[in-house]
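These notes concern the structure reproduced below.
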Amino acid sequence: MPANEVAWPTGMSDQDPAARDRPLFFNPEGFLVAVLEDVGQAEQAKATLTDAGFAETDLRVYTSQQILDSWERFQAERSLAQRVAGALTDDPDTIELYFGYARQGRSALWVHVPDEADAKRAVRALADHQVLHFRHYGHGRQDDLHIR
């Protein structure tokens with residue numbers, strides 16, 4: 001993978017690695033996730049971030065159905081070692097939170113934010129959007145901000 005290409009921790013599209021080619025456990029760093037009411041609001045938020053100077057390649061919108069389908073595909077395709085590691089390291093509260101939103105029809109905007117300043121800039125840019133929840137996967141920590 002080229003040095004400037006982002007390794008996305010989620011998504012099972014044709015542009016993503018197969019489940020078996022992913023790390024044994026989910027440990028994203030340098031990402032901000034904004035959960036929004038629906039795909040329309042997520043696309044509007046993405047446009048706002050593009051206008052704010054974020055590169056299109058650093059932004060991904062996932063519909064509720066894509067989130068659920070991706071998880072199902074990942075579960076079916078992962079290796080035995082990944083299943084064992086997942087049983088030991090997966091956080092059931094995080095899984096329920098993220099997929100609970102998806103089951104409610106919510107969409108997610110994932111933003112690649114290499115450093116804390118980028119994450120703060122993205123949150124500020126999205127201040128006027130109806131974001132339900134932010135999660136920042138920083139370096140060595142994870143922060144949540146539940147809006148409503």
Side-chain angles (χ1 to χ4, degrees), residues 1-19 21-75 77-78 82 85-86 88-148:
M1 176 179 342
N4 63 344
E5 190 175 338
V6 177
W8 290 88
T10 189
M12 293 293 292
S13 70
D14 292 339
Q15 61 189 1
D16 297 306
D21 296 333
R22 292 174 180 266
L24 284 180
F25 64 96
F26 182 74
N27 186 27
E29 287 188 345
F31 290 92
L32 177 74
V33 182
V35 176
L36 295 110
E37 284 288 332
D38 57 36
V39 69
Q41 288 187 19
E43 290 292 349
Q44 289 173 359
K46 179 181 176 184
T48 295
L49 291 180
T50 301
D51 291 345
F54 286 86
E56 180 83 22
T57 56
D58 286 339
L59 306 168
R60 283 196 181 179
V61 169
Y62 295 100
T63 68
S64 58
Q65 194 60 53
Q66 286 173 322
I67 293 166
L68 296 171
D69 290 349
S70 176
W71 179 247
E72 187 175 307
R73 181 176 163 200
F74 175 74
Q75 293 286 24
E77 293 179 4
R78 64 187 180 162
Q82 288 170 315
L88 298 172
T89 63
D90 286 350
D91 176 13
D93 293 334
T94 293
I95 292 170
E96 180 51 37
L97 178 74
Y98 192 61
F99 296 105
Y101 280 129
R103 286 189 297 274
Q104 294 171 14
R106 310 300 188 234
S107 293
L109 170 61
W110 280 70
V111 185
H112 179 238
V113 287
D115 57 47
E116 188 85 16
D118 289 325
K120 289 178 180 179
R121 187 167 61 94
V123 170
R124 281 192 304 275
L126 296 176
D128 291 333
H129 289 268
Q130 298 294 315
V131 177
L132 303 172
H133 183 157
F134 284 107
R135 172 165 283 177
H136 177 227
Y137 292 101
H139 299 282
R141 65 182 240 227
Q142 166 184 305
D143 297 302
D144 284 287
L145 177 60
H146 297 265
I147 309 299
R148 55 183 182 122

- Message: Measuring only between side-chain heavy atoms, which start at C-beta, is L49 closer than 4.5 Å to L109?
- Response: yes
- Message: Testing the basics here: between Q66 and Y62, what is the closest heavy-atom pair and its distance to 0.1 Å?
- Response: OE1-CA, 3.4 Å
- Task: Can you spot which of Y137, F31, F54 makes a ring-ring contact (aromatic ring centres under 6.0 Å, His included) with H112?
- Result: F31
- Query: Tell me, do H133 and L97 make a side-chain contact under 4.5 Å, heavy atoms counted?
  - Reply: yes
- Looking only at non-hydrogen atoms, find the nearest pair between L36 and A42 and report the distance. CD1-CA, 3.9 Å
- Note on the structure: What one should report as the nearest heavy-atom pair of T63 and V39 is CG2-CG2, 3.5 Å
- Partners passing salt bridge (charged side-chain N to carboxylate O under 4.0 Å, His left out) against D144 (at least two apart in sequence or in another chain): R135
- Task: Using the salt bridge (Lys or Arg N to Asp or Glu O under 4.0 Å) rule, collect all pairs that involve residues 39-54, keeping only residues at least two apart or in two chains.
- Result: K46-E56
- Message: Tell me every residue that passes side-chain contact (heavy atoms from CB on, under 4.5 Å) with S64, counting only those two or more places apart in sequence or in another chain.
- Response: A102
- With sequence neighbours left out, the residues meeting salt bridge (charged side-chain N to carboxylate O under 4.0 Å, His left out) with D143 are R141
- Message: Taking the side chain as everything from C-beta on, heavy atoms only, tell me whether F134 gets closer than 4.5 Å to V33.
- Response: no
- Task: Please identify each residue that fulfils side-chain hydrogen bond (donor to acceptor under 3.5 Å, both in side chains) with H129, with sequence neighbours left out.
- Result: T48
- Message: For E96, give me all partners under salt bridge (charged side-chain N to carboxylate O under 4.0 Å, His left out), at least two apart in sequence or on another chain.
- Response: R103
- Item | Pair H136-Q142, side-chain contact (heavy atoms from CB on, under 4.5 Å): steps then yes or no | CA-CA 6 Å; H136 177 227; Q142 166 184 305; over 6 Å; no
- List the atom of L32, the atom of A122, and the distance in Å for their closest heavy-atom pair. CD2-CB, 3.7 Å
